[in-house]
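Beneath this line is the structure, given in structure tokens, with notes to follow.
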Number of protein chains: 2
Amino acid sequence: MTSQPLSRARIVAAAVELIEREGADAVSMRRIASELGVGVMSLYNHVPNKGALLDGVAESVLSEIGFTDDPEAHWSDRVRMQARAFRQIAHHYPRCTMLVVSRQLHTDAGLLPVERALATLRSAGFDGVDAVRVLRLFIAFIVGSLLREVGVTPTFAPVHEAAIDAEKIDPELFPEVSALSELLGSCDHEAEFAFGVELLIQAIAVHPARREGTR
Amino acid sequence: MTSQPLSRARIVAAAVELIEREGADAVSMRRIASELGVGVMSLYNHVPNKGALLDGVAESVLSEIGFTDDPEAHWSDRVRMQARAFRQIAHHYPRCTMLVVSRQLHTDAGLLPVERALATLRSAGFDGVDAVRVLRLFIAFIVGSLLREVGVTPTFAPVHEAAIDAEKIDPELFPEVSALSELLGSCDHEAEFAFGVELLIQAIAVHPARREGTR
DNA sequence: ACCTGAACACCGTTCAAGT
DNA sequence: ACCTGAACACCGTTCAAGT
């Protein structure tokens, strides 16, 4: 069974599936090969090395996001939509997310979201310099948010439930943390992300660098 | 030489040094042991496993930041200072940064910055819920910014110089990216970070959730 | 209590050999 | 052109043996 010819696409797909099933640490060339029922070295006919395979995974996940951009919409709606589209990665491929944000892609798949974002910001009235600035601000926020959501750097605050239950947090040393421990211990990622996006949109909407009146 | 007794601290220090010298990929138990001139298994008398060692690295780097907080200062200055202190990690330990933001610390070293930030935000007039919200916003931004600065997710845009020089970016497909390629290709991390911090401070200063008039 | 070598079950990748 | 097994130089960690 599954004796379609081996191909880069099939190898990448197997890697994505394996990562989502068992986590990024489970990925090895040998493991993927056995998953596909081939010898390890067969993979090297389609992928130069493990790094390139991981790039393929990042690229594949990134290119699957549903980026529906409506150039007619208000710029703030377009920004909102693009940010939310990006966050879908964390939903659909949580365990691949780290790969997507940490491997720099030198392909069209990585350039497309950037192109769209820049076009949107230009249409919002920013010149080139400020469009790039604002894009970087959004990217930093989104990357940081996704990493929290995905379990790396959970709230960055290590207030795990165990610590709360065991009351391991010394209220003398950490009065605020212990007072807010329940809040810190749980996180509505959707709401938290929306809060940040709205605050950023609001902030750049009134930013002096933006020339008003553009659609 | 260097025949001080082995200890967790000495092992962690060797790991930090090795990471900064050769990168995170170079870290292995065997490598660190040989760096210290001991057998591999000697490490396990002071550290339960590699994961715990990496936690130690993150904790060590984090606890070395110069967090000088002045409770008398205006809250916006305190936020600014804390954000800048955090960014110093990327300067002093660039190759350990990924570890600091990606390993969740269950120790006081991780809680201290959180405690200080929450105290500052409370003093700025936020209630508990909003203090946590705003803290998370800042953390996301800072984590994302540091990762860019440190070379993971460079601009997230893969506009490396090679691509610019080789004009590999198709102006038909990516008009904005190719028009702004020089801007995208270089990044003043300091300025970019300051821009984000100021914009966030500005935004939360006028945020409705903040009760005015608090020091 | 601390150190250690041998051993086990893994890695990624090169190379030469097959078809 | 594609597949592959053997081999090499690595991993982290367990275990039993030393002091």
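Sequence lines set the chain letters: A, B, ... in the order given, protein chains first and strands last, and positions in each chain run from 1.
Listed by chain and number, the residues in a side-chain contact (heavy atoms from CB on, under 4.5 Å) with A52(A) are V47(A), P48(A), N49(A) (sequence neighbours excluded). Residues passing the ring-ring contact (aromatic ring centres under 6.0 Å, His included) test with F141(A), sequence neighbours excluded: F193(A). Judged as a side-chain contact (heavy atoms from CB on, under 4.5 Å), and not counting sequence neighbours, the contacts of D55(A) are R103(A). Under the rule for a side chain to side chain donor-acceptor pair (under 3.5 Å), the partners of E198(A) that lie at least two apart in sequence or sit in another chain are R80(A).
Between R84(A) and E190(A) there is a salt bridge, with a side-chain nitrogen of the basic residue lying less than 4.0 Å from a carboxylate oxygen of the acidic one. For R95(A) and E20(A), the salt-bridge test fails: no basic side-chain N is under 4.0 Å from an acidic carboxylate O. At a threshold of 4.0 Å, the pair R31(A)-E22(A) counts as salt-bridged, since one of the basic side-chain nitrogens sits closer than that to a carboxylate oxygen.
Remark: S42(B) is not in phosphate contact with dC2(C), judged by side-chain N or O atoms under 4.0 Å from OP1 or OP2. Note on H46(B): a side-chain N or O is less than 4.0 Å away from OP1 or OP2 of dC3(C).
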A correct 5'-to-3' footprint of nucleotides 6-19 of chain D, with B, S and - meaning base, sugar-phosphate only and no protein heavy atom under 4.0 Å, is BB---BBBBB----
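If you take CG of N45(A) and C1' of dT4(D), they are 9 Å apart, rounded to a whole angstrom.
Paired runs in DNA chain C that reach 3 or more consecutive Watson-Crick or G-U pairs, where each pair keeps both distances under 3.5 Å, cover C:4-8 with D:12-16, C:12-16 with D:4-8.
Annotation for D70(A): atom CG counts as buried by contact number, over 12 foreign heavy atoms lying within 6.0 Å.
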